[in-house]
Amino acid sequence: MSYDLQLNSNILERRSYDIWLGQIFIIDSVILPTTISLIANYVTNKFRLGERKDINKPQPQVNIEIKYLKNGRVDSFKYKGDGTTLIKILENIDSQNANEK
């Protein structure tokens with residue numbers, strides 16, 4: 001740190017309400033509905049707790065990459081956007097998985 005070297009420098013601090021979930025790899029399609037439900041609940045709770053009164057600030061975004069096995073091959077998608085749309089996408093994946101069984 002610059003403070004340890006006795007340098008007088010400015011420190012920049014960045015804060016945001018964005019959610020970074022990283023990469024999730026789902027091997028078994030049986031686990032897919034449970035995982036999707038957990039992610040949807042987590043995102044919903046984070047947005048509910050992170051609600052701000054200042055509407056001029058940008059809305060928080062969710063960053064996630066999901067990879068899952070489907071018909072013997074790996075399907076994946078990356079998402080960066082609002083939580084509501086992510087939950088709709090996850091529900092669509094879940095319903096497609098249920099229809100294939």
Side-chain angles (χ1 to χ4, degrees):
M1 299 281 301
S2 61
Y3 181 76
D4 296 332
L5 298 173
Q6 299 176 348
L7 298 173
N8 187 14
S9 62
N10 295 329
I11 296 174
L12 177 64
E13 184 176 341
R14 298 178 67 185
R15 296 182 183 197
S16 74
Y17 290 102
D18 290 356
I19 300 171
W20 292 84
L21 296 174
Q23 185 180 70
I24 298 172
F25 190 80
I26 303 169
I27 296 173
D28 194 353
S29 63
V30 174
I31 301 172
L32 187 62
T34 305
T35 306
I36 288 173
S37 176
L38 288 172
I39 293 170
N41 287 335
Y42 178 76
V43 169
T44 302
N45 289 336
K46 283 294 258 187
F47 275 100
R48 190 176 308 135
L49 294 174
E51 289 177 346
R52 299 179 312 276
K53 295 178 182 175
D54 187 0
I55 60 173
N56 294 327
K57 291 185 180 179
Q59 290 296 315
Q61 293 190 346
V62 180
N63 299 279
I64 189 170
E65 181 179 1
I66 296 179
K67 295 183 177 189
Y68 57 98
L69 288 177
K70 182 177 178 182
N71 299 328
R73 65 184 185 100
V74 176
D75 279 351
S76 68
F77 75 92
K78 286 185 179 182
Y79 181 79
K80 180 180 180 180
D82 65 303
T84 308
T85 306
L86 175 63
I87 291 170
K88 289 178 184 176
I89 291 171
L90 293 175
E91 289 171 350
N92 188 24
I93 290 173
D94 191 24
S95 64
Q96 287 178 355
N97 186 46
N99 290 339
E100 290 178 1
K101 289 182 179 179

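- Put simply, the side chain of Ile66 does not reach to within 4.5 Å of the side chain of Ile36, judged on heavy atoms.
- Through direct or indirect side-chain contacts shorter than 4.5 Å among Ile, Leu, Val, Met, Phe, Trp and Tyr, Val74 is connected to Phe25, Ile27, Leu69.
- In this view, Tyr79 and Asp82 satisfy the side chain to side chain donor-acceptor pair (under 3.5 Å) rule, not counting sequence neighbours.
- For Asn41, the side-chain contact (heavy atoms from CB on, under 4.5 Å) test picks out Ser37, with sequence neighbours left out.
- Residues forming a salt bridge (Lys or Arg N to Asp or Glu O under 4.0 Å) with Glu91 (at least two apart in sequence, or on another chain): none.
- Take Thr35 and apply the side-chain contact (heavy atoms from CB on, under 4.5 Å) test, not counting sequence neighbours, and it matches Ile24, Ile26, Ile31, Ile39.
- Note on Leu90 and Tyr42: same hydrophobic cluster, where clusters join Ile, Leu, Val, Met, Phe, Trp and Tyr whose side-chain heavy atoms are under 4.5 Å apart, directly or indirectly.
- In this structure, the salt bridge (Lys or Arg N to Asp or Glu O under 4.0 Å) partners of Asp75, at least two apart in sequence or on a different chain, are Arg73.
- How far CD of Glu65 is from NZ of Lys80: 14.0 Å, rounded to the nearest 0.5 Å.
- Between atom CG of residue Leu21 and atom CG of residue Leu86 there is a gap of 8.0 Å, rounded to the nearest 0.5 Å.
- Of all non-hydrogen atoms in Gln61 and Asp18, the two that sit nearest each other are N-OD1, 2.9 Å.
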